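Below is one structure, written out as C-alpha cells; comments come after it.
Basis for what follows: all heavy atoms, side chains included, without hydrogens, waters or symmetry-related copies. Please read these numbers as outputs of a predicted model, since none were measured by experiment.
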Amino acid sequence: MAGRRVVVFPSSAELGPVLAHLVTSRAEKAIASHGRFTLGLSGGSLVSMLSKELLALPQPDCSKWVIGFCDERLVSFDDPESTFGLYQNQLFPKINIPESGILTIDSSLPVAECAEDYACKLKQVFPGEEFPVFDLLLLGMGPDGHTCSLFPGHPLLEETKKIVAPISDSPKPPPQRVTMTFPVVNAARCVAFVSTGGSKATVLKEVLEGGKASPYPAARVAPTSGELFWLIDDPAAAALTIQVERPGAGAKL
C-alpha cells in the first residue's frame with residue numbers, strides 16, 4: 001500500500017511522545033497551509049495516552065483547532081462510556097481550544113437523528129466538501145479488527161453516501177452509536193492508528209498482511225491521497241513478517 005508506514009516501538013511509553021509530536025506537527029503544518037487544524041479523535045486507550053503526552057509538551061496553541069469524533073456512543077456526557085466526556089475530563093480544559101471548536105453529538109436525540117444532526121455539524125465546518133477532509137484522524141483497532149464503530153460483517157461497511165451513520169446493534173456495548181463512514185476516513189490528509197498489546201497481534205497480522213481480501217474493517221482504511229501510519233508496540237507486532245520501522249528515542253514522524 002503506497003504511503004503506509006508501520007512504526008514499531010518497544011512499548012506504549014515510547015510510542016506516546018511520538019504520537020503527541022505527530023499531532024502537533026500536523027497541526028502546525030495545517031494552520032500554516034489553511035489557517036486551522038481539524039482533528040478526529042477516537043476513544044479507548046488513546047484518551048489517556050494522548051492527554052498525558054500532549055500535556056507533557058510545551059503548551060501548544062490550540063485556538064485554531066477543530067476537534068470531531070470518529071465515533072461516539074449514544075450516552076450522556078457524564079457516562080464513562082462517553083468519548084467526549086473522557087477527553088473533557090482529561091484534556092480539553094487544560095488546553096486553549098475554544099468550546100466552539102469541539103464538535104459533539106446531541107445525545108438526547110434518537111440514534112438516527114443524532115447521526116443526521118452530527119453530519120450537519122460536520123457539513124457546516126467543512127462547507128462545499130462532499131466528504132469532510134480532516135487534517136488528521138486518530139484511530140484505534142479492537143481485537144475483532146473493528147475501527148470507529150465499523151464492525152466485521154456489518155452493513156455499514158458498505159456505506160458510500162453518508163458522512164455519519166447510526167448503528168443501533170453494535171456487537172460491543174453500548175449498542176447505540178454514531179460513526180464516521182469509510183468515505184470520510186479515507187478522505188483524510190493523514191490517518192494514524194494506535195494499536196498496542198499482545199491481544200491485537202493475530203488480527204494485526206491479518207490486517208497488515210492480508211491484503212484487500214482481509215475481512216477486518218481496519219484493513220479498509222486506505223486514505224485516497226493522504227498518509228497512513230500504524231503506530232504499534234512490540235507485543236502487537238509480534239506476529240508480523242512485513243518490514244517495519246523501528247525508530248530510536250526521540251524520533252519524529
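For the salt bridge (Lys or Arg N to Asp or Glu O under 4.0 Å) condition, the pairs that include at least one residue of residues 76-88, sequence neighbours left out, are Arg73-Glu81. Sorted by first then second residue, the side-chain hydrogen bond (donor to acceptor under 3.5 Å, both in side chains) pairs that include residues 5-18, not counting sequence neighbours, are Arg5-Glu245, Ser11-Glu14. Under the ring pair (Phe, Tyr, Trp, His ring centres under 6.0 Å) criterion, no residue pair touches residues 202-222, with sequence neighbours excluded. Listed by first and then second residue, the salt bridge (Lys or Arg N to Asp or Glu O under 4.0 Å) pairs that reach into residues 213-238 are Arg26-Glu227, Glu158-Arg220, Asp234-Arg246, sequence neighbours excluded. Counting only residues at least two apart or on different chains, the salt bridge (Lys or Arg N to Asp or Glu O under 4.0 Å) pairs with a member in residues 92-119 are Asp117-Lys121. For residues 139-154, there are no salt bridge (Lys or Arg N to Asp or Glu O under 4.0 Å) pairs, not counting sequence neighbours.
Every residue two or more places apart in sequence or in another chain that forms a salt bridge (Lys or Arg N to Asp or Glu O under 4.0 Å) with Glu209 is listed here: Lys205. Taking the side chain to side chain contact (heavy atoms under 4.5 Å, CB included) definition, one finds that Ser45 meets it with nothing, sequence neighbours left out. Looking at residues two or more places apart in sequence or on another chain, you find a ring pair (Phe, Tyr, Trp, His ring centres under 6.0 Å) between Phe37 and Trp65. Qualifying side-chain hydrogen bond (donor to acceptor under 3.5 Å, both in side chains) partners for Asp135, counting only residues two or more places apart in sequence or in other chains: His34, Thr38, Arg189. Applying the ring pair (Phe, Tyr, Trp, His ring centres under 6.0 Å) test to Phe134 and every residue at least two apart in sequence or in another chain returns Phe126.
Under the 4.5 Å side-chain criterion, counting only non-hydrogen atoms from C-beta, Pro166 is not in contact with Cys114. Residues Phe193 and Leu208 have side chains not in contact (no heavy-atom distance under 4.5 Å, counting atoms from C-beta outward). The shortest side-chain heavy-atom distance between Leu19 and Leu138 falls under the 4.5 Å cut-off. Side-chain contact between Met180 and Ile163: absent, with no pair of heavy atoms (C-beta onward) separated by less than 4.5 Å. With a 4.5 Å cut-off on side-chain heavy atoms, Cys70 and Leu41 do not count as touching. Contact check for Val244 versus Ile232: no side-chain heavy atoms found under the 4.5 Å cut-off. Gln176 is not listed as a side-chain neighbour of Ser170, based on a closest heavy-atom distance of 4.5 Å or more. At least one side-chain heavy atom of Met141 sits less than 4.5 Å from a side-chain heavy atom of Lys200.
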Legend entry - Candidate pair Asp71 and Thr179, rule side-chain hydrogen bond (donor to acceptor under 3.5 Å, both in side chains), full reasoning: CA-CA 4 Å; Asp71 67 328; Thr179 182; 5.1 Å; no
Inset, instruction - Before giving the answer on side chain to side chain contact (heavy atoms under 4.5 Å, CB included), spell out for Leu15 and Met49 the whole-Å C-alpha distance, their side-chain angles and the decisive distance to 0.1 Å. - result: CA-CA 9 Å; Leu15 189 162; Met49 178 186 291; 3.7 Å; yes
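Under a hydrophobic clustering in which Ile, Leu, Val, Met, Phe, Trp and Tyr are joined whenever their side-chain heavy atoms come within less than 4.5 Å, directly or via other members, Val111 and Leu109 fall into different clusters. Val75 and Val178 end up in different hydrophobic clusters when Ile, Leu, Val, Met, Phe, Trp and Tyr side chains are linked at under 4.5 Å. The cluster map of Ile, Leu, Val, Met, Phe, Trp and Tyr, joined by side-chain heavy atoms under 4.5 Å apart, puts Leu157 and Phe131 in the same cluster.
Residues Ser82 and Ser76 approach most closely at CB-O, 3.5 Å, considering heavy atoms. When all heavy atoms of Phe182 and Pro217 are compared, the pair lying nearest together is CZ-O, 3.4 Å. Smallest separation of non-hydrogen atoms from Pro235 and Pro10: CD-O, 4.1 Å. Heavy atoms only, all atoms of each residue included: Leu46 and Gly140 are closest at CD1-N, 4.2 Å. The minimum heavy-atom distance linking Ser199 with Pro143 is given by the pair O-CB, 4.5 Å. Smallest separation of non-hydrogen atoms from Ala192 and Leu22: CB-CD2, 3.8 Å.
Distance check: Ser63 OG to Ile31 CD1 gives 7.0 Å after rounding to the nearest 0.5 Å. Atom-to-atom distance recorded for Cys62:SG and Asn96:CG is 5.0 Å, nearest 0.5 angstrom. Note that CD1 of Ile167 and CG of Leu74 are 12.0 Å apart. Values are rounded to the nearest 0.5 Å. Of the inter-residue distances, the one linking Cys190 atom SG with Leu136 atom CG reads 5.0 Å to the nearest 0.5 angstrom. For the atom pair CG of Leu103 and CZ of Phe84, the computed distance is 10.5 Å after rounding to the nearest 0.5 Å. Separation of atoms CZ (Arg177) and CG (Asp169) is listed at 11.0 Å; rounding is to 0.5 Å.
The backbone N or O of Ser48 lies less than 3.5 Å from no partner atom in the side chain of Ser51, so there is not a single donor-acceptor pair. Side-chain atoms of Glu129 come within 3.5 Å of backbone atoms of Val133 as a donor-acceptor pair (strictly under, hydrogens ignored). A donor-acceptor pair is defined here as one N or O able to donate and one able to accept, closer than 3.5 Å; no such pair exists between the side chain of Glu206 and the backbone of Ser214. The backbone N or O of Val221 lies less than 3.5 Å from no partner atom in the side chain of Asn186, so there is not a single donor-acceptor pair.
Checking each of Val191, Val194, Leu228 against Leu139 for a side-chain contact (heavy atoms from CB on, under 4.5 Å) leaves exactly one that passes, namely Val191.
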Using residues 86-93 as the side-chain source, report each donor-acceptor pair under 3.5 Å to any protein atom, sequence neighbours left out, with the distance given to one decimal.
| from | atom 1 | to | atom 2 | distance (Å) |
| --- | --- | --- | --- | --- |
| Tyr87 | OH | Ser42 | O | 2.7 |
| Asn89 | ND2 | Gly85 | O | 3.3 |

